[in-house]
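Numbered from 1 within each chain, the chains take letters A, B, ... in sequence-line order.
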Amino acid sequence: MKNSYRYIPDPLFPNDNFFDLVYQVVRLIPYGRVSTYGAIARYLGAAKSARMVGWALNNSHNVIPKVPAHRVVNRNGFLTGYMHFATPTLMEELLKSEGIIVENKRIINFKDVFWDPSFELL
DNA sequence: CGATTGACACCAA
DNA sequence: ATTGGTGCCAATC
């Protein structure tokens, strides 16, 4: 799985690990929509590895093309990973800029913008 | 190479 | 409805 995108030339990043699969799916999340760790994990066939998805996003900063990690929240619509961005408010700002209603680290219209890869894709 | 670490999710009470 | 406990598993330490 290393055709439609490429990685930074860092030997520390293998080509076919679980992380890369996560990056692929996250890039498919449309503008103005969001998905969840669990939904992505299920889509990858690793239903019980939601935590791995979040962990994968830690490295997403070093990946090319860029991964819209701000579009991934937990199943309750909370921006649980906001502190991993450049500034504590960046994630919220990015989502707002895409028309998503965020209030106090939580997506208000969550069910309206939720994008489930296992359902939307096929 | 065993132990720890998570940007989570599920379930029992 | 809330809450506390447990499962998970690849990457790191």
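Among residues two or more places apart in sequence or in another chain, the ring pair (Phe, Tyr, Trp, His ring centres under 6.0 Å) test is passed with F114(A) by F110(A). Not a single salt bridge (charged side-chain N to carboxylate O under 4.0 Å, His left out) links R51(A) to another residue, sequence neighbours left out. With sequence neighbours excluded, no residue satisfies side-chain hydrogen bond (donor to acceptor under 3.5 Å, both in side chains) with N109(A).
Put simply, CG on D20(A) is 13 Å from C1' on dA11(C), counting in whole angstrom units. Distance L44(A) CG to dC9(C) P: 14 Å, rounded to the nearest Å.
A heavy-atom distance below 4.5 Å is not found between the side chains of T36(A) and I40(A).
Remark: the backbone N or O of G77(A) is paired with a side-chain donor or acceptor of N74(A) at under 3.5 angstrom. Side chain of R27(A) to main chain of V67(A): no donor-acceptor pair is present (N/O by atom type, distance under 3.5 Å, no hydrogens or angles).
Under a hydrophobic-cluster definition in which Ile, Leu, Val, Met, Phe, Trp and Tyr are linked whenever side-chain heavy atoms come within less than 4.5 Å, directly or via other members, V72(A) and F18(A) are assigned to the same cluster.
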Seminar exercise, completed: Counting primed atoms, P, OP1 and OP2 as sugar-phosphate and everything else as base, the B/S/- map of nucleotides 7-13 of chain B against protein heavy atoms under 4.0 Å is BBSS---

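With the 3.5 Å cutoff on both pairing distances, Watson-Crick and G-U pairs in DNA chain C assemble into runs of at least 3 at B:2-6 with C:9-13, B:8-13 with C:2-7.
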Using a 3.5 Å cut-off and no angle test, enumerate the donor-acceptor pairs between side-chain atoms of residues 94-106 of chain A and protein atoms at least two apart in sequence or in another chain.
{"unit_1": "K96(A)", "atom_1": "NZ", "unit_2": "E92(A)", "atom_2": "OE2", "d": "3.2"}
{"unit_1": "S97(A)", "atom_1": "OG", "unit_2": "L94(A)", "atom_2": "O", "d": "2.5"}
{"unit_1": "E98(A)", "atom_1": "OE1", "unit_2": "G32(A)", "atom_2": "N", "d": "2.9"}
{"unit_1": "E98(A)", "atom_1": "OE1", "unit_2": "R71(A)", "atom_2": "NE", "d": "3.0"}
{"unit_1": "E98(A)", "atom_1": "OE2", "unit_2": "H70(A)", "atom_2": "NE2", "d": "2.9"}
{"unit_1": "E98(A)", "atom_1": "OE2", "unit_2": "R71(A)", "atom_2": "NE", "d": "3.2"}
{"unit_1": "E98(A)", "atom_1": "OE2", "unit_2": "R71(A)", "atom_2": "NH2", "d": "3.0"}
{"unit_1": "K105(A)", "atom_1": "NZ", "unit_2": "E92(A)", "atom_2": "OE1", "d": "3.4"}

